[in-house]
Amino acid sequence: MSVTANSVWNNCLAFIQDNIQPQAFKTWFEPIKPVKLSDNALSIQVPSKFFYEWLEEHYVKLLKVALTKELGENAKLVYVIKMENTYGNREPFTEQIPSSNRGSVNPQEMDVPIKSKNPELKNPFVIPGIRNIKIESQLNPNYNFDNFLEGDSNRLARSAGLAVANKPGGTSFNPLLIFGGVGLGKTHLAHAIGVEIKDKYPERTVLYISAEKFTQQYIESVKKNTRNDFIHFYQLIDVLIIDDVQFLSGKSGTQDVFFHIFNHLHQNGKQVILTSDKAPVDMQDIEQRLLSRFKWGLSAELQNPDYETRISILRNKLYRDGVEMPDDIVEYVAKHIKTNIRELEGAIISLIAQSSFNKKEVTLELAQQVVEKFVKNTKREVSIDYIQKVVSDYFEMDVATLQSKTRKRHIVQARQLAMFFAKKFTKASLASIGSQIGKRDHATVLHACKTVDNLAETDKQFRKYIEDLTKKFS
Ligand code: ADP
Ligand code: MG
């Protein structure tokens, strides 16, 4: 029987497996691939430099013993660090590093100088150690599945979330991307998944973080020269939840680092959960390679809740607060606040407060006043129709002309401005803006927004248009 890299490594694995904890074996040895055997040097491929450092730090003795058993006293180990090709079309980046001799039985055996210094793990966030990783998960236990009421508007996202919570990293919903408008429950659902996982698998490391905080931490790490520690920290997480990823738009450094962390986690069967206020196709200034990763798993939308769901959310809230309220009031609130669950709750909380403050019954009149305040605040959003009307008037054309297929420059510019303002002042998706402004597709709208941005930088007259029009919408 011929000796191959595979057979040697498999024998090593059998020995190693007998000598360490199953979880450690799974984490640090299963991902390794034997790639080459020449003479008595075995090359193994590891997924990252961090991985290599960890092996050297914690398992070099064990590796040494295992390998010596297989290949004799002159055994050598070479690490091949293979990272995904991320910069254009260059060759995948590989780096070969011979195993260090630290901790080895016989130091002379290692005749190749060690390239890297003793890897010391300096991690500001955690105390390293395979089983004692202590990371506060930052989860809010008040956001759980029990109080995340189900309705048509959230059924898909909610059940995908439950599936992920039952088998983190083990479903095809990886990443799970939850998207939807403001106040529709993205943050709540994201926490609920994390809370459920923590409950079912207390030993897993779960971390919830907003994309904004993630970005701040990253910038901080660059300043302090601890970028690697930052990456290492995130690569240790079993379930990473990043809220509001749209915040990463335009931040290429953070996107880049997130891309690497994402790949590492995904490759190692770890679960990633993301939320965003837009579907991936509508995200702007997010690199294509990241967007394509987002689409690997499942994108599930949280839609506006229907009337029944709004009623049950309100009833549930009242029930939990131990407050009774007449049906007609609850129905009135549910009928008038339709697109934001946070406002729905806000209105009912405000009603409860007012009634206990003034020690009087909640009347329909009071409900009307409270609701009006909320509805007025949300009604500030201008409509796409209104935007088209204002832009057309400004350029002294009619809306039909603005929407027409003509390529006349001043008309094209007016249309692009209308798209730009629709993007800026409404929550509509690119696709929906396009379909309302002359039946264009989302790419056209995206192009329009970019063109307007460019012209605003370079063309003084054009900047004046934008300023004038902005005033009309604010
Ligand atoms: P988003 O992150 O999408 O802006 P949040 O998760 O902050 O929205 O939700 C806003 C409020 O609405 C929170 O108080 C949340 O508990 C509540 N909420 C959202 N969806 C539901 C639901 N399905 N059942 C109960 N409460 C909900
Ligand atoms: Mg949120």
Side-chain angles (χ1 to χ4, degrees), residues 137-165 175-196 207-216 240-249 272-280 282-283 299-323 325 330 333-334 336-353 370-371 374-375 377-378 381 426-429:
S137 56
Q138 318 289 336
L139 290 166
N140 179 348
N142 295 323
Y143 283 156
N144 50 50
F145 273 108
D146 287 342
N147 61 19
F148 190 80
L149 299 193
E150 183 172 344
D152 286 343
S153 55
N154 64 31
R155 191 160 288 118
L156 171 69
R158 192 178 187 278
S159 30
L162 269 173
V164 162
L176 173 62
L177 174 77
I178 301 159
F179 70 95
V182 181
L184 292 182
K186 300 181 294 293
T187 298
H188 185 142
L189 183 55
H191 277 281
I193 299 169
V195 167
E196 186 79 11
L207 181 70
Y208 166 91
I209 189 159
S210 65
E212 185 173 3
K213 198 155 169 216
F214 180 84
T215 306
Q216 285 165 3
L240 179 60
I241 305 168
I242 301 200
D243 203 359
D244 291 322
V245 286
Q246 76 277 356
F247 186 83
L248 300 183
S249 77
V272 178
I273 297 153
L274 309 166
T275 79
S276 164
D277 69 352
K278 304 179 191 61
D282 289 325
M283 289 186 201
S299 303
E301 182 170 10
L302 289 176
Q303 290 162 333
N304 291 342
D306 53 33
Y307 180 68
E308 275 73 42
T309 313
R310 301 201 296 273
I311 292 274
S312 52
I313 288 173
L314 288 176
R315 291 241 162 85
N316 188 260
K317 174 88 192 132
L318 290 166
Y319 173 78
R320 275 183 288 133
D321 289 359
V323 179
M325 199 164 291
V330 175
V333 173
H336 289 85
I337 302 185
K338 298 178 191 163
T339 58
N340 186 326
I341 298 172
R342 187 175 300 125
E343 288 177 357
L344 199 61
E345 285 189 343
I348 211 78
I349 291 167
S350 171
L351 277 176
I352 297 169
V370 166
V371 165
F374 279 91
V375 174
N377 282 338
T378 45
E381 186 183 303
T426 75
K427 290 179 202 132
S429 68

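Counting convention: from 1, in listed order, for ligands and their atoms alike. Residue numbers start at 1 and run along the sequence shown.
- The nearest pair of heavy atoms linking L149 to N316 is CD1-CB, 3.6 Å.
- Heavy atoms from other residues, nucleotides or ligands lying under 6.0 Å from NZ of K338 number 12 at most.
- Contact residues for ligand 1 (protein heavy atom closer than 4.0 angstrom to any ligand atom): Y143, N147, F148, L149, N154, G181, V182, G183, L184, G185, K186, T187, H188, I313, I341, R342, E345.
- Ion pairing between R158 and E150 holds under the 4.0 Å rule for side-chain N and carboxylate O.
- Contact annotation: T275 places no N, O or S atom under 2.8 Å from the Mg ion (ligand 2).
- Between D152 and Q303, the closest heavy-atom pair is O-OE1, 4.5 Å.
- Nearest heavy atoms, L314 versus V333: CD1-CG1, 3.9 Å.
- At distances below 3.5 Å, at least one donor-acceptor pair connects side-chain atoms of T275 with backbone N or O atoms of D244.
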